[in-house]
Trainee: 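My questions all concern the structure below.
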Amino acid sequence: GLSDKLQQVFARLRGSGRRISEQDVNESLRAIRVALLEADVALEAVKALTQAIREQAVGEKVLESVRPGDMVVKIVQDEIARLLGASDTAIRYRTEGPTVILMCGLQGSGKTTTCAKLARLLASRDGRKPLLAAADLKRPAAIAQLQTLGRELGFPVYSEAVADPVRVCTGAVKHARAEGRDLVILDTAGRLHVDEELMREIKAVHAALSPDETLLVLDAMTGQDAVRSARAFHETLPLDGLILTKLDSDTRGGAALSLRHATGRPIKFAGVGEQLDKLEEFHPDRMAGRILG
Amino acid sequence: LFGLRKLDTDFLNELEEAFIAADLGPMLAGELVEELGSRNRSGEIAGVEQAKAWLRAELARQLMPAGAPAPAAALTPAAVLAPVAAASKPAVWFFLGVNGSGKTTAVGRIAHRLQGEGRSVLLAAGDTFRAAAGAQLEIWAERTGSAIVRHKEGGDPAAVIFDAYDAAKNRGTDVLLVDTAGRLHNKKNLMAECEKMFRVLAKRGGQAAEVFLVLDAATGQNAVQQALLFREVAPLTGIILTKLDGTAKGGIAFRLVRETGLPIRYAGLGEGMEDIEPFNAAAFVDAILP
Ligand SMILES: Nc1nc2c(ncn2[C@@H]2O[C@H](COP(=O)(O)OP(=O)(O)OP(=O)(O)O)[C@@H](O)[C@H]2O)c(=O)[nH]1
Ligand SMILES: Nc1nc2c(ncn2[C@@H]2O[C@H](COP(=O)(O)OP(=O)(O)OP(=O)(O)O)[C@@H](O)[C@H]2O)c(=O)[nH]1
Ligand SMILES: [Mg+2]
Ligand SMILES: [Mg+2]
């Protein structure tokens, strides 16, 4: 991984017998840049990271150090940890009436599956009584998909044969109140952040429902587009948190690094499998290790 | 970027960043810029206009693996162009890929195109695992006037393919489109299940005429791993790049073609029935050049 690469770069430099120079630090920065880009870290985050690393490394400490490779590795690890921020997996629950969580994201990112997973996690972790709302009125069999998952978990699924997702969502909250469900999770259609009509639609849902949490569901295998789409959704919506899915793949998941910086919001949960028990609280330190490889 | 500018270091750096932003990856982005720089120094390329022309040609060339059929001819393989010998029917086309990449939707849209060309189409609901997968494909069958073979949820996908192949043979169907479950390439058991589908088809006397890897255009560098591992268990014949109507440029296509030799065959450009097209390398390259 990156740590090994850096050690190699510095071992070579040390082997050449002369003192480590600023030029040598630059060479290690090039190796860092390539490794981070290969891990799908957003270009803007790579630039910020290498700048921060350069400033610290070019200081006296590293140039004079007996083990410059170790010092640079430590600086990289610290900077990545700083970008990911502290763990934050809390849900802002209402004290009166059902708490509303709005799930949004691009097509195929894992929203519908994650709605069910999140209901299960919050029921078990926080003692909630969830209601799932099938507000994706576009995708073929989207409602059937959520109904099947709800049935599997024993949670009610609200749906209405209408064309307007706002109506389904407000109907779901009303139904939750009547049935004593204290949590409503709204599944929505996948949409592109450049689709003006669909972004207007989700903005309308947000305005009508005033959700307590708005969570962006993002595929961990996404490349440079991750920060673009996250930023666009955050500018339209505002987001309270993110959920990174398909982390059971072997993707390095570098997109995670730029998300907090781009949205100011934490990644709260991680999807780590297809089954409904495969949703975890997001661990920033584990993610850092994964990106470094 | 290519406005009134000098072909200098600033220009090359900006170009490299544009390629990285398009998911070409740091190595390929660096290579292209380096190549451009050296041709500029040698006098072969002078100025940004010539640079753009060279890049257009070079990038399009990199998308054409040696020996691949031209995309325009790619929608109907030789096996289904008229006249079709009974023995070569049905042409069996598989759609493989990781979760959520757009396989089921691709099957539906390609069924629509084939129907439009007067071909008979049967869909095999090979995803027997995911909630409402069969129901989703059923809707596409209705929308496109295609027949469908579907088993209960939880059944063996190979059994669905077995039955669908027999049904297609009996009906003299031109094309059998096989939808499969999303699967991560690093899951050994799921990849073994994938391999089994082809064995079962072969045992039945059939063979896959086309095996598409369906890939989300926003995928990062992990796409290469996906292609390499899928190819270990499936005789891939091409790639379908979906969701190119987003802001992702699909630049991983270059690394994919280079490292696997597989052609990009179709592009998904939206969610509607008509929104899939034979891959147009020139348009793709133009969208990537800043
Ligand atoms: N391996 C794995 N698969 C996942 C994960 N989360 C979701 N999936 C799968 O990803 C695919 C897409 O999931 P969906 O829940 O349908 O995605 P979606 O965002 O609702 O899709 P649209 O509604 O079409 O936008 C399905 O095959 C899911 O089983 C995960 O964490 N790991
Ligand atoms: N914008 C856009 N959306 C697409 C495109 N292709 C597919 N989609 C959407 O992506 C989502 C996932 O598509 P599916 O066909 O269900 O994907 P899949 O690979 O079959 O998913 P699994 O079977 O769960 O692995 C759906 O919401 C589709 O409408 C495309 O070219 N553009
Ligand atoms: Mg969905
Ligand atoms: Mg599918």
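To find a chain, count down the sequence lines: A is the first, B the second, and so on, and within it residues start at 1.
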Trainee: Give, as side chain, backbone, both or neither, the part of A/Val34 having an atom under 4.5 angstrom from any heavy atom of chain B.
Mentor: both
Trainee: Answer yes or no: does atom CD of B/Glu34 have more than 12 heavy-atom neighbours from other residues, nucleotides or ligands under 6.0 Å?
Mentor: no
Trainee: Might you point out which heavy atoms bring A/Ala141 and B/Ala132 nearest each other, and give the distance in Å?
Mentor: O-CB, 3.8 Å
Trainee: Pick one of side chain, backbone, both or neither for B/Gln226, based on which atoms fall under 4.5 Å of a heavy atom in chain A.
Mentor: side chain
Trainee: Let's go through B/Gln225 and A/Thr251 carefully: what are the C-alpha distance in whole Å and the side-chain angles of both, what is the deciding distance for side-chain contact (heavy atoms from CB on, under 4.5 Å) to 0.1 Å, and is it a yes or a no?
Mentor: CA-CA 9 Å; B/Gln225 257 314 78; A/Thr251 191; over 6 Å; no
Trainee: From B/Asn99 CG over to A/Thr245 OG1, what is the distance, rounded to the nearest 0.5 angstrom?
Mentor: 9.0 Å
Trainee: Flag the one option from A/His193, A/Lys138, A/Glu44, A/Arg252 with the top tally of heavy-atom pairs under 4.5 Å to chain B.
Mentor: A/His193
Trainee: Does A/Lys246 reach the side chain of B/Asn222, with side-chain heavy atoms less than 4.5 Å apart?
Mentor: no
Trainee: I'd like to know whether A/Met221 forms a side-chain contact (heavy atoms from CB on, under 4.5 Å) with B/Leu184, so could you lay out the CA-CA distance, the side-chain angles of the two residues, the decisive distance to 0.1 Å, and finally the verdict.
Mentor: CA-CA 11 Å; A/Met221 298 183 281; B/Leu184 291 182; 4.1 Å; yes
Trainee: What option among B/Val98, B/Thr219, B/Ile139, B/Asp23 has the most heavy-atom pairs under 4.5 Å with chain A?
Mentor: B/Asp23
Trainee: Under 4.5 Å from any heavy atom of chain B, what part of A/Arg139 do you find: side chain, backbone, both or neither?
Mentor: side chain
Trainee: Which pair of heavy atoms, one from B/Gly182 and one from A/Glu274, lies closest together, and at what distance?
Mentor: O-OE2, 3.9 Å
Trainee: Please examine the side chains of A/Glu38 and B/Met27, heavy atoms only from C-beta on, and report whether any two atoms are closer than 4.5 Å.
Mentor: yes
Trainee: What part of A/Leu192 lies closer than 4.5 angstrom to a heavy atom of chain B: side chain, backbone, both or neither?
Mentor: side chain
Trainee: Could you report the tightest heavy-atom contact between A/Arg228 and B/Thr247, atom names first, then the distance?
Mentor: NH1-O, 3.2 Å
Trainee: Once you round to the nearest 0.5 Å, how far does OG of A/Ser249 lie from NE2 of B/His185?
Mentor: 6.0 Å
Trainee: Determine the option with the most heavy-atom pairs under 4.5 angstrom with chain B, choosing from A/Val46, A/Leu37, A/Leu36.
Mentor: A/Leu37
Trainee: Hey, is NZ on B/Lys196 packed in by over 12 heavy atoms from elsewhere, all under 6.0 Å?
Mentor: no
Trainee: Checking the side chain of B/Asn186 only, and the main-chain atoms of A/Asp248 only, is there a donor and an acceptor separated by less than 3.5 Å?
Mentor: yes
Trainee: Would a 4.5 Å heavy-atom cut-off, applied to side chains only, mark A/Gln107 and B/Asp216 as touching?
Mentor: no
Trainee: In Å, rounded to the nearest 0.5 Å, how long is the span from CG of A/Asp40 to CD1 of B/Ile252?
Mentor: 9.5 Å
Trainee: Before giving the answer on side-chain contact (heavy atoms from CB on, under 4.5 Å), spell out for A/Asp225 and B/Lys243 the whole-Å C-alpha distance, their side-chain angles and the decisive distance to 0.1 Å.
Mentor: CA-CA 12 Å; A/Asp225 199 53; B/Lys243 309 175 201 171; over 6 Å; no
Trainee: Is B/Leu28 in contact with chain A via its backbone, its side chain, both, or neither, using a 4.5 Å heavy-atom distance?
Mentor: neither
Trainee: If I compare all heavy atoms of A/Gln224 with all of B/Ala21, which pair ends up nearest, and what's the gap?
Mentor: CB-O, 3.4 Å
Trainee: At a 4.5 Å cut-off on heavy atoms, which part of A/Asp195 comes close to chain B: side chain, backbone, both, or neither?
Mentor: neither
Trainee: Heavy-atom count check: over 12 atoms from other residues, nucleotides or ligands less than 6.0 Å from A/His283 NE2?
Mentor: yes
Trainee: Give the member of B/Gly251, B/Gly246, B/Gly25 that has the highest number of heavy-atom pairs under 4.5 Å with chain A.
Mentor: B/Gly246
Trainee: What closest approach, in Å, do A/Leu149 and B/Ala131 show between heavy atoms, and which atom pair accounts for it?
Mentor: CD2-CB, 3.8 Å
